[in-house]
Each structure stands twice: as structure tokens, then as C-alpha cells.
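Atom set for the values below is all heavy atoms of this structure, side chains included, hydrogens, waters and symmetry mates excluded.
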Amino acid sequence: MSIIKRIRAAAILGMAGTGMGLSAASSAGELVQPEPVPVVGGVSQLMAFPQIFTLPNGDGAPLKVQANAFVSFGDRKGTEVKAAVTARKQVMGAALPTNELLAGPTIRAHPGDTLDILFTNGLPFEADEGDGTMFNATPHGFDVLNLHTHGLHVSPQKDGDNVLLNIYPADTPADVMAMCARDANGDASLCQKGDFHYRIRIPDQHPAGTYWYHPHKHGAVALQLASGMSGALIIQDEKNGIDSLPAVRDAAEKVMLLQGIESVPNLTSPQRVTCKSVYPFARCTYADRQPAPEPAQKTNQKLSVNGQLNPTVTMAPGEVQLWRVVNTTVGTVVPMCLVPEKAGPASPAAYVLAADGVPVQRPLDQGEEDLPLRLTAPVVKPDGKGVVNNELLFLAPGQRLDMMVKAPATPGRYYLLQPAASQAPKLVPTMADLCQPGKGPDVQLVLTVNVTQPASLGAAAPAVSTALPKQSDLNKLYAPASLVGRADLPTSPTQGVVFGFTNGTYAPTAGGASVVNGRPFNGEGGPQRILTLGQTNLWGVMSAADTHMFHIHTNPFQVVQRGQVQYDFPIWRDTVLINCAPIVGGGNCTFPGGLSNLNSQTASNYGEVVQFLSQALDYTGAIVMHCHNTSHEDNGMMELVEMVEPGKAPTITPHAHHHEPVGHQ
């Protein structure tokens, strides 16, 4: 297959400008789409800088935020880019006037393509940001980057989806680079400075749908996501993917990055994304003579979409649009239901095409209308079908949905809302509280859908797509071979995971940590889990406390059971919500009783054990498994995993993380 998409993304998590004119679009509140990766002479050029962004607000004052983010040089050529880089460096950290979106550009590729990415870290080295330290279970290294293509089934080695790689700022001192090499047991290839070329080959057969990308430097992932460092990565396949369906091709497409920009209000604008705004529990001092840590303050909790607050999506009556939704937040679960402004009107209907990039393929009941699965309000006491609805409705951090959204025939306004968090001792919201009409006092407006016919155009309004694809056609698209019913299917879990927390007695160097099976992340002894290629594993994953999101790199998995409820048909995912026990977890549960909601009215104090099937396929080498509440991950809730050939021993060399700061003399 041809090598295509030479996406040299100098830190490809770009905060790209908007070709359609951000100021004009945002003044009307209409949702602006992230630009495609900018290409100059066959390559893309993006670079990371500290910058101030203005988040337009559809129903209020805009929000100015200073963050380490990624900027676009548009279609400038080589010498112009160099001049622009020089100009940016001269005002590093200053209030740069820009109209760029705080949202990464969209990457599009096909099965068989190779992503050739020049990733450039243009951030300044800051010892006070933990850039000269190495920890297993303490946030640090906020200016150190790498690239994770979340959900892609690609090689994790060398210049592939290698999250063990550390790309330091260009001005990083030599002693810090030496420390990084020692930490990698002498493998200096894992310690780069300034630029790094990624060459990520997508297999000839790969599910077509929405994926995403973001930095994955352990210790800094949450802060980087809270700064808006992420973007959509869409795999298109006009023969075997959802793009082959005429109804999908004809529909207007909306890419939606749900973001939580966790900035701290200052006495003056702009707000800043800081260690304490993202990790209020963490130690945030790293260098000598560092000022006392700033006090924990109330952070911005309002979700944005594509770097915009309260944007509007306008639809014509009866119109069908393709929505590609990515939850890029640190730890916020979003119920994906559109509710009417007030009781009475029917809401827009949402039909799921794909979850986490893989088509949702399900059997059709006798006499059932041949349409994709339609999302409903949460099913309070679900059976096998109801738990599938709940699985797809609650979009957890890291997850994606490809949906066809059909507007009702009559005009009206509809909302995507974020419920208020539970407050102990009262556990709210309950499942019955969600997806109700009206905004109410305890919810936040994320996005508005305005169904209207442009009055000025009347009968001359342009035609829009109104067709929906068939489920029977979705069932014919490419997806990984199902693992259900295999002869080697385990009868009980072969892989177990319990997410939880521990104190300083058991994690003394970190003063406490987030843990997997009682252990914080530790690369000192080599891999913490071994997966053999081709072996079918049944996983059982649960929470000891709080709400978590299981994510493993490289290979997706099929969810088959949640709590005591077996799924009516399996759902392919690469990230799955793990709810906590309703009693022990108290107010930290996302929703009391979880998605199966069977324990919320009883004295039981165990959470939902989520079970799924998986196989490690095609690639060997080091990957990670972790909670995708990335503040938990940065605090140690991660495992180093090695995929090995059958009969082969692990090859990952043990290495030691250092805990002394350097590079700040």
C-alpha cells in the first residue's frame, strides 16, 4: 500500500487555527470544526509553545486560558516557519494575541497508510515544572512530550506508538538527558530532545472509525490533556468502513472533542493550567528555591467542545448528521443524551454506528426496523439489551462514538448536559435523574442543538441529508473477528485488575499512590504483566474505590458482562468505564449502582466487575495498561505490560526511576 499522509506534526497535538474564521463563527456561537493537519509541500508543521487562548462562549463571557499548547503555522513555507518560530521564542510565555482554537487538528488516514510524523517539542525546559525529575507515582515532567495514537492497532516499538519515549524541550540540560538515559537503563533512544520522527504504519485491515491522539508522558498526561492537547484521528475506509455507506457519506460531519480545561482562576485574566489545578492532591515542588506550592483553588469545571464553551450545532428539521465524539477529559463521564429545552417535544434521535472506532454489529430481532442501535435514556434495571444501551450512552474519558443524529421534524432547542458530581452523603444523580428535560440548577450546558429552518431562505434553503444507514449493512463492515464462542474461551478470568489507592506506608517514596492490584507503577523490575500473542484472555476488572476507566494499548477487547448482567451482544472497546461500589465509594461514584444499577438500593458494597475478552495480536514489545482518569495514571495507576511470542520469555530490561531533581543549578 502507498505511504501517505506525511503528517510531520511538530508536536502533532495541534492547536490549529480555523480556516472558516473563528471570530465570525464564534460570535454566533456556532460550533467550529478543528482544521485538518496543515500540510506544506507534503508535510505538516506544528509546534508546541506556551500560549494564551480565548475560549469563545456561546452564552457568556469568553474565557482566556494560558496553557502549554500547540500552534499551527498554517500554510507557511520553510523560511517563513523559521521566522515564525523565532518570533514565538522571543515572546515565549507572553500573551500572544491569537484566534487559534484550543483543539488539536484532525488527522485522517486509511488502512495501509503510514503516518510519518515529525514531532517537535518547542516548550521551554523548566526545572520548577518537574522536567528534571523522574517519578513512578508523582506527577512531573510537564514539558516532556510524546505521542499516543489512542486505540490504533499498531506497533508500540521504536518509532511507532511508543509511550516509553521521552521527547524533552530543545534547551534541556545535558545532565537531565543523562538522567533519562540512566532511567532507561542506558537506552538513549528513549530520550530525545526537540524533534522526533514517528512512522506509524496502519495495518491493511483496520476498523474504520474515530480514534484520537494525545501526549502520553507518564507523570504529565492529565496536565497535558487539561491543557487541551488532543485531537481526533479518523480512519476512513470507503470499501469496508462506515464511510462506504451512502447515508454516512451524504451527511454533514461534526467532529466534537469534549474537553475539560482545568485552569485556575487568577485575580486577573488569563487563567492558567497548573500542577495544583490538575493534581490538587499532589506534591508540586521539584527544584531548589521553588516558591511554596500555590494553594488548591476551585478549578474551571465547565466542559468545552473544540475549544468553545456552550457552542451551538444548527440542524434543519429532519436532518441527519454524522457526529464523531471524543471524550478527551481527564476524568469526566458524559451521558450522551440530548434533552429538550422543556418537556414535550421529542429529542433528536442518536443512532450508534461505532464505539471506540469499531462498528457496533448486532443481531436484528424478528420484525425489528433495520436501523442502527438507538440510544435511550439510562435503563434503570437493565437486562442484556439495557446494559448495552447504558454502555454506549455513558461516554467515559478516552472513549469515542460515531453516531448518526436525526433532528425532529419540528423546530426546537435541545441540550447536551453534564450532571453535577455526587456529593456525599447524598449520591446524585441517580439513573432516573439523568436525561430529563430542562437544564436545571445542578447541571452544566455543554452544547446546544438548534433545530430551525433559516427564515431568510424559506423554501430556497439548501437540501440536507435525511437518510439513515441500515444495521444489516453495518453488520457487513470490517471488524475484528469475534472472540465469543472460541474453543479456547476461558471459563473464569485469566487476567484480573483491581483499581484503588494506597498510603505512604506502602508507597513511601510517593507518600501514597494510585495502584493496580495494590501496586503503583514500577518499571524497576521489568514488566508487571505478560500477555502471550494469540492467547484468548478473559479479564475481570473492578474498583476498590472511586470511578475508573480501564484502557490498554494496541489491542481492543470485547465487553461481555457488567456486574451480574451479560451483554445481549459484545461491544468492542479499548477503554471501558469501571464504576465503584455504591456504599464504599460514597460520593466518588460516578453514578450510584453503576451502569447495571443492581446494588444501589442494597447493602452490598462491591462494585461492578466488568468482564471482557481479548487477544494480543501481531505485535510484541512493551505497552501499558492504566486507568484513563489520567490523574490516577500519573499518580501510579498503571502497569508496564509486555506482549511476547508463545514460548518466549520477556525481553524488557528492568530500569529504575530516579527521584532526585537535576538540571536546575
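Using modelled atom types, one finds a donor on one side chain and an acceptor on the other under 3.5 Å when comparing Asn310 with Lys302. Checking Thr210 against Arg400 by side-chain atom types alone, no donor-acceptor pair falls below 3.5 Å. Judged purely by distance below 3.5 Å, without hydrogens or angles, the side chains of Ser631 and Asn629 pair a donor atom with an acceptor atom. A donor and an acceptor atom, one from each side chain of Thr314 and Glu30, are located under 3.5 Å apart. In the model, Ser514 has no side-chain atom that pairs as donor or acceptor with a side-chain atom of His632 under 3.5 Å. With no hydrogens or angles considered, no side-chain donor-acceptor pair links Tyr478 and Asp237 at under 3.5 Å.
Scanning for side-chain hydrogen bond (donor to acceptor under 3.5 Å, both in side chains) contacts around Asp618 gives His153, with sequence neighbours left out. Partners of His206 by ring-ring contact (aromatic ring centres under 6.0 Å, His included), not counting sequence neighbours, listed by chain and number: Tyr211. Partners of Glu639 under the side-chain hydrogen bond (donor to acceptor under 3.5 Å, both in side chains) rule, at least two apart in sequence or in another chain, are Arg519, Arg529. Residues that satisfy the side chain to side chain contact (heavy atoms under 4.5 Å, CB included) test with Ala622, not counting sequence neighbours, are Leu164, Leu640, Ile652. Contacts of Ala354 classified as side chain to side chain contact (heavy atoms under 4.5 Å, CB included), with partners at least two apart in sequence or in another chain: Asp402. Among residues two or more places apart in sequence or in another chain, the ring-ring contact (aromatic ring centres under 6.0 Å, His included) test is passed with Tyr414 by none. With sequence neighbours left out, the side chain to side chain contact (heavy atoms under 4.5 Å, CB included) criterion links Thr106 to Pro34, Arg108, Ala232, Ile234, Val255. With sequence neighbours excluded, the residues satisfying side chain to side chain contact (heavy atoms under 4.5 Å, CB included) with Glu633 are His216, His218, Val221, His626, Thr630, Met638. Not a single ring-ring contact (aromatic ring centres under 6.0 Å, His included) links Trp572 to another residue, sequence neighbours left out. Scanning for side-chain hydrogen bond (donor to acceptor under 3.5 Å, both in side chains) contacts around Gln259 gives Ser304, with sequence neighbours left out. When the ring-ring contact (aromatic ring centres under 6.0 Å, His included) test is applied to Tyr351, no partner is found at least two apart in sequence or on another chain. Residues that satisfy the side-chain hydrogen bond (donor to acceptor under 3.5 Å, both in side chains) test with Thr172, not counting sequence neighbours, are absent from this structure.
Contact check for Tyr198 versus Asp116: no side-chain heavy atoms found under the 4.5 Å cut-off. Proximity of Leu233 to Leu152: side-chain heavy atoms (C-beta onward) are separated by under 4.5 Å at one or more points. Side-chain contact between Thr332 and Leu303: present, with at least one pair of heavy atoms (C-beta onward) separated by less than 4.5 Å. Taking 4.5 Å as the limit, every side-chain heavy atom of Leu447 sits out of range of all side-chain heavy atoms of Tyr415. Between Leu322 and Arg324 there is a side-chain heavy-atom pair separated by less than 4.5 Å. You'll find the side chain of Leu434 reaches within 4.5 Å of the side chain of Pro419, heavy atoms only. Between Met637 and Val515 there is no side-chain heavy-atom pair separated by less than 4.5 Å. Side-chain contact between Val449 and Thr312: absent, with no pair of heavy atoms (C-beta onward) separated by less than 4.5 Å.
Across every non-hydrogen atom of Ile571 and Ala355, the tightest pair is CG2-CB, 4.3 Å. Considering all non-hydrogen atoms of both residues, Gly151 and Asp574 come closest at CA-OD2, 3.4 Å. Across all non-hydrogen atoms, the minimal contact from Met643 to Asn555 is SD-ND2, 3.3 Å. Nearest heavy atoms, Ala184 versus Leu190: CB-CD1, 3.9 Å. Phe142 and Gly219 get closest at one heavy-atom pair: CE2-O, 3.6 Å. A pairwise comparison of heavy atoms in Val305 and Pro311 identifies CB-CG, 3.9 Å as the closest pair.
Looking only at distances, no side-chain donor or acceptor of Thr138 sits under 3.5 Å from a matching main-chain atom of Phe135. Judged by distance alone, the side chain of Thr328 and the main-chain N or O of Leu258 form a donor-acceptor pair under 3.5 Å. Judged by distance alone, the side chain of Asn327 and the main-chain N or O of Gln399 form no donor-acceptor pair under 3.5 Å.
Separation of atoms NE2 (His551) and OG1 (Thr575) is listed at 5.0 Å; rounding is to 0.5 Å. Between the CG atom in Leu309 and the CG atom in Asn306 there is a gap of 11.5 Å [rounded to 0.5 Å]. Once rounded to the nearest 0.5 Å, the distance linking NE2 of His197 with CG of Asp159 reads 10.0 Å. The OG atom of Ser189 sits 8.0 Å away from atom CG of Leu165, with the distance rounded to the nearest 0.5 Å. The CZ atom of Phe499 sits 6.0 Å away from atom CZ of Phe550, with the distance rounded to the nearest 0.5 Å. Atom CG of Asn57 and atom CG of Leu63 lie 8.0 Å apart (nearest 0.5 Å).
Atom NZ of Lys64 has 12 or fewer neighbouring heavy atoms from other residues, nucleotides or ligands inside a 6.0 Å radius.
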request  = Evaluate the side-chain contact (heavy atoms from CB on, under 4.5 Å) criterion for residues Val541 and Phe612: first the C-alpha distance (whole Å), next the side-chain angles of each, then the deciding distance (0.1 Å), finally the verdict.
outcome  = CA-CA 9 Å; Val541 183; Phe612 50 84; 3.6 Å; yes

inquiry  = Apply side-chain contact (heavy atoms from CB on, under 4.5 Å) to residues Met403 and Val325 and explain how you reach the verdict.
reply    = CA-CA 8 Å; Met403 304 188 299; Val325 188; 4.1 Å; yes

ask   = Passes side-chain contact (heavy atoms from CB on, under 4.5 Å), Gln308 versus Leu31? Steps please.
value = CA-CA 7 Å; Gln308 302 160 257; Leu31 180 69; 3.5 Å; yes

query = Run the side-chain contact (heavy atoms from CB on, under 4.5 Å) check on Gln224 and Leu145 step by step: do they pass?
reply = CA-CA 9 Å; Gln224 291 161 347; Leu145 302 173; 3.3 Å; yes

message = Please evaluate residues Tyr168 and Asn121 with respect to the criterion side-chain hydrogen bond (donor to acceptor under 3.5 Å, both in side chains), reporting the C-alpha separation (whole Å), side-chain torsions for both, the decisive distance (0.1 Å), and the verdict.
response = CA-CA 7 Å; Tyr168 282 79; Asn121 184 351; over 6 Å; no

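Using a 30° and 60° split on the angle between ring planes, His148 and His150 fall in the tilted class, from 30° to 60°.
Each of Gln66, Arg272, Gln271 was compared with Ser263 under the side chain to side chain donor-acceptor pair (under 3.5 Å) criterion, and only Gln271 meets it. Just one of Lys217, Gln192, Lys193 meets the side chain to side chain donor-acceptor pair (under 3.5 Å) condition when paired with Asn166; it is Lys217.
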